[in-house]
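To start, the structure itself, in structure tokens.
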Amino acid sequence: MAMKIGEKPFFDRVDDALEDGFMRNAMAKAQDGLRGRKLNATVGDEQIGDWEEWRSAGEEIRRHTLENLDYYLDQLSENFARLGGHVYFAETAEDATRYIQEVAKKKNAKKVTKAKSMVTEEIGLNEALEEIGCEVYETDLAEYILQIDDHDRPSHIVVPSLHKNKEQIRDTFRDKANYTGTEEPRELTAFARSQLRETFMEADIGVTGCNFAVAESGTISLVTNEGNANMVTTFPETQITVMGMERLVPTWNELDVMINLLSRSAVGQKITTYVTNLTPQLEEDSIDAPKEFHLIILDAGRSNALGTEFQSALHCIRCAACVNVCPVYRHIGGHAYGSIYQGPIGAVLSPILGGYEEYGELPYASSLCAACTEACPVKIPLHEHLIKHRENYVEKKGMTGEKMAIKTFGIGASSPALFKLAVKGMPAILGPLVKDNSITSGPGPMKLWTSVREFPAPGKDNFRNWFNDRGKGRE
Amino acid sequence: MTAGTIHNKEQFLNRITSQLGRDRNRQVGLPEWQHRPQLDVFSGASVNELAAAFKKNSLEKSTFVVNTDKANLAEALQEVIMKYGGGQVVASKDARFGEFGLDAVLDNEKTHIWDTNRGQENIEIAKKANIGLFISDAALAESGTIVQFNDKDIARSISLLPTVYVAIVPKSTIVPRMTQVVQAVHQSVEEGNNLATCINFISGPSNSADIEMNIVIGVHGPVEAVHVIVEDL
Amino acid sequence: MKVSLFITCLSEMFYQNAAKDVVEILERLDCEVDFPKGQICCGQPAYNSGYRKDAKKAAKQMIASFEASEYIVTPSGSCAAMFKEYPQLLKDEGEWYGRAKKIADKTYEFTQFVVNILKVEDLGATYPAKATYHTSCHMTRLLHEKEAPFRLLKNVRGLELLPLQNNYDCCGFGGTFAVKMAPISEQMVDEKIRHIEESTANVLIAADNGCMMNIKGRIDRKGKPIEVKHIAQILNTRVEGRV
Ligand code: SF4
């Protein structure tokens, strides 16, 4: 299924979303909750000092790491392999899934458990594994909910099932899994626990994403709350980790900073319940640790951003803080973006990974309010990236209709003469349309404005004349 | 040790390098970071202040906290086990239990001490156990977190499978935050040591807020957690 | 103190009254106000829509117009923020970068100028009403001015300033966003109006013409009995009426 969600064009997806009252309520409620929690754990937690310092620390670490990405990936892969792990550099999603299929076949794997991971969603790993006859089990509660609901798609990078309310989840559990309980979250959660408990033990392969890899030691760091990632990496004999190539830090010291930024920004916790750091190790006769380790390092379009003005988009640590404050996401939810990466970061990243043909509209789905930029724990200038995308898109497409709209009425006129002309001409042009001091139905490009709201009547005086004359008549 | 394999590295990294517009195969050193707020957290705090913060933050994460000293530890531990319903206990194999005078408490038919010789049976016992007991290797004041350096004896299952985890937290091991632990790990890496296969930071019982942002305690890991802070200074 | 007024295109076309209030207040505070004639639109609509070249042209025209000014003051946080963007916009244009930087450094949004430069917080205004204030995104997040309007409004006699739920959420204007993404923008402004109504205010005060045009346009369309005022209009009101 990969990165793309749905086949409909953008505005149809938006219409669908705007009609979905359940979803929109869920989104608004979740945003308000997550926002409050994040503020309490960041600017509101005096234990950790100045949050801005933390953001600056995160930014400089990410910048340095991405500037030297080849060096650190080299180091990471050498360390991972030195300890007995296997590293596969995958240029495309297909390369990655093919490799993982081969591993699964070689291990004769039947059951695969998965911890939450957007990158495996991006490469369509579940389908690839099912294709070769594996049973794949999503174990993160949100992913589990989506999976049993006929593979519904994620609407949020941290809480993929955010668009569903508890009644809908109860009904899904009833229809698909013979659940007989109520819509109480506690009961629903207990059901998922009981359903998955044995599966964890029986699985042949455990698949995880990667919050951060540590180059100096070949360590994979997983940041979770439910304990499922621990189950997935403790009992199966083989551990497969898929990471976006940008998700690493040089040393443990930098890991510390990034974990703090991620935990607090994503879920408003001082630290998530589990921060699990896994390093390959073959010598020990451990009973409850994997014996084989694979690390897949994925490009899949990421390198498009390297060396361009979009490079800092790769600084992203997938905390969704930008999503949680985005007023556009608030109303249209995740699926309308048509990508598993939604909200501001989705609108920046999806065109980089998937191209303008597919995702060219997303950068326009923003009022450039900059709430995202303000929220981002690693200071990615998200709204500026959106503008940059628009520039590229305009260059490719040359949008004359819109350009006309901008130029109309002198907004955007770049010479004083034209501007003055427009200002002067305004009352004459708009005058006939004015009723009760505003315009209800405008022509041409104004129509889109007046479809929603009144357009103001042009002022009666000429300000420049007033300014020049104002001294007169005094005293 | 047999080394693993690496596929497609050169081609992959060369593309990155050319995108970045420079040469490969350089030595890269870490810069002097301009921003290091992590060093200031609880800087200069006394052991008692750290212990108090650790307690407060543990409680915030739905974790029960007991304060005791070495002399009363055995008794306190018994009380905790009773309070949480007794039953099967699974404990890590750890010489420090002896140092804390706990051998007697652990020597009973309801307590299983992890034994690699008994293979899978350990997991079967842990799965059914009510209580998982271990000694924390470090603790973080800022977040009420305990740290485990797992190996074959300090098995991962112990803090993961039983309904309740009980961590003994020597007061001397409480540090301000993750920063101090990663510094030690980093140094160990620099010295060329192999790391524990799993270094786990655990803060209370497992939980999820995936359903309408309601926090539910107890998902795939433990449902309850206890931190027993022991005066050891 | 010499102040050049950057009136902004929306203000010049639609909201002259607020601009007049700005001039009157500044003059009352002993500023010598001039109006550079070459000024046009700051180029933000073009810039935000991806028309960088057009934006640059506008920027250069504005720089030329305001170069001689001591202080540049504008009744819009968003337009002030655009001036601050000029150096970045013209960073590859040789000497223009330095010129842009100078302009950016002396530009202030009106309330920001009054509070931070003139050091005045009480303008002697009286406005008996229940009101709430719309914090514009560009003023708070790009210009980083979160306090000045509140300091001034606090000293308006008779004004009861009520909190606005979710005040940090954008009203849905976003320049061309309002037309290009009209259905989404509509939902955003509707939620904003819902929160305004819930505040029980009769008057919405704002310091950005774009937001005002959007919110007022929608309020009027829905026939809600809420007045929308520019902050300068409130601050220039006195019991005796205007001079
Ligand atoms: S862009 Fe920033 S705020 Fe958004 S998900 Fe990435 S790191 Fe978090």
Side-chain angles (χ1 to χ4, degrees), chain A residues 11 14-15 18 28 32 325 327-328 330-332 364-371 373-374 387 389-395 399 402-403 405-406 409-416 418-419 422-423 426 438 440 445 448-449 451-459 461 463-464 466-468 470 474, chain C residues 5 7 9-17 19-20 23 35 37-41 43 45-52 54 57-58 61 65 137-138 141-142 166 168-189 191 213-214 216-218 220-221 243:
Chain A
F11 279 103
V14 169
D15 285 344
L18 293 180
D32 292 343
V325 296
V328 171
R330 183 179 182 87
H331 292 284
I332 66 173
Y364 291 91
S366 162
S367 62
L368 302 179
C369 75
T373 300
E374 183 184 58
I387 294 174
H389 270 314
R390 294 177 186 188
E391 285 171 13
N392 291 352
Y393 194 65
V394 162
E395 222 161 82
M399 265 197 272
E402 184 193 45
K403 193 157 182 170
I406 292 169
F409 315 123
I411 300 170
S414 50
S415 91
L418 281 176
F419 183 75
V423 174
M426 191 76 61
S438 68
T440 302
L448 283 165
W449 177 275
S451 72
V452 175
R453 18 178 147 48
E454 304 288 297
F455 195 82
D461 320 337
F463 179 80
R464 297 184 192 220
W466 173 86
F467 189 86
N468 291 332
R470 77 195 187 291
R474 280 190 204 172
Chain C
L5 178 68
I7 182 173
C9 53
L10 289 182
S11 201
E12 177 158 8
M13 286 180 214
F14 305 112
Y15 300 107
Q16 295 105 338
N17 287 342
K20 291 175 191 171
V23 173
F35 185 91
K37 298 217 167 28
Q39 65 181 290
I40 53 172
C41 166
Y47 176 65
N48 283 353
S49 304
Y51 300 96
R52 199 179 176 89
D54 296 283
K57 256 195 252 167
Q61 172 62 32
S65 305
C137 304
H138 287 181
R141 300 201 182 102
L142 301 187
N166 285 55
Y168 43 78
D169 275 335
C170 171
C171 70
F173 176 61
T176 49
F177 173 81
V179 291
K180 212 175 157 71
M181 296 279 157
I184 305 174
S185 170
E186 176 181 344
Q187 298 303 316
M188 288 162 69
V189 70
E191 184 174 16
M213 186 165 140
N214 177 43
K216 180 169 168 33
R218 185 65 179 169
D220 290 350
R221 172 63 54 88
V243 181

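As a basis for the values below, the full set of heavy atoms in this structure was taken, side chains included, without hydrogen atoms, waters or symmetry mates. So that the names make sense, note that chain A is the first sequence line, chain B the second, and so on, each numbered from 1.
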Gap separating the [atom1] atom of [X] from the [atom2] atom of [Y], nearest 0.5 angstrom:
| X | Y | atom1 | atom2 | result |
| --- | --- | --- | --- | --- |
| Lys180(C) | Leu448(A) | NZ | CG | 10.0 Å |
| Glu391(A) | Asn48(C) | CD | CG | 9.5 Å |
| Leu142(C) | Thr373(A) | CG | OG1 | 8.0 Å |
| Asp220(C) | Phe455(A) | CG | CZ | 13.5 Å |
| Leu368(A) | Arg141(C) | CG | CZ | 12.0 Å |
| Lys37(C) | Phe467(A) | NZ | CZ | 7.5 Å |

Quiz item: Do the side-chain N and O atoms of Arg453(A) and Ser185(C) include a donor-acceptor pair separated by under 3.5 angstrom?
Solution: yes
[X] and [Y]: which non-hydrogen atoms are nearest, and at how many Å?
| X | Y | result |
| --- | --- | --- |
| Tyr51(C) | Val394(A) | CE2-CG1, 3.4 Å |
| Met188(C) | Val328(A) | SD-CG2, 4.0 Å |
| Arg218(C) | Val452(A) | NH1-O, 2.7 Å |
| Pro183(C) | Leu18(A) | O-CD1, 3.7 Å |
| Pro458(A) | Phe14(C) | CA-CD2, 3.6 Å |

Self-check item: Whether Phe35(C) and Phe463(A) hold their rings parallel, tilted or perpendicular, with breakpoints at 30° and 60°
Solution: tilted
Quiz item: Do the side chains of Arg52(C) and Ile387(A) get nearer than 4.5 Å, heavy atoms only?
Solution: no
Side chain, backbone, both or neither: which part of [X] has an atom under 4.5 Å from a heavy atom of chain A?
| X | answer |
| --- | --- |
| Tyr15(C) | side chain |
| Gln39(C) | both |
| Asn214(C) | both |

Quiz prompt | Under-4.0 Å salt bridge between Lys216(C) and Glu454(A) | solution = no
Practice problem: Go through the steps for Lys20(C) and Trp466(A) under the test side chain to side chain contact (heavy atoms under 4.5 Å, CB included), then give the verdict. | Solution: CA-CA 8 Å; Lys20(C) 291 175 191 171; Trp466(A) 173 86; 3.5 Å; yes
If you count heavy-atom pairs under 4.5 Å between each of [options] and chain A, which one has the most?
| options | result |
| --- | --- |
| Ser65(C), Ala178(C), Gly175(C), Ser11(C) | Ala178(C) |
| Ala19(C), Cys171(C), Gly217(C) | Gly217(C) |
| Glu186(C), Gln187(C), His138(C) | Gln187(C) |
| Cys170(C), Gly50(C), Gly172(C) | Gly50(C) |

Quiz item: Looking at Ala370(A), Ala365(A), Ser451(A), Pro456(A), which one has more heavy-atom pairs under 4.5 Å with chain C than the rest?
Solution: Pro456(A)
Quiz item: Top residue by heavy-atom pair count (under 4.5 Å) with chain C, among His389(A), His331(A), Glu374(A)?
Solution: His331(A)
Self-check item: side chain to side chain contact (heavy atoms under 4.5 Å, CB included) between Ile332(A) and Met181(C), intermediate numbers included
Solution: CA-CA 11 Å; Ile332(A) 66 173; Met181(C) 296 279 157; over 6 Å; no
Quiz item: What part of Asp32(A) lies closer than 4.5 angstrom to a heavy atom of chain C: side chain, backbone, both or neither?
Solution: side chain
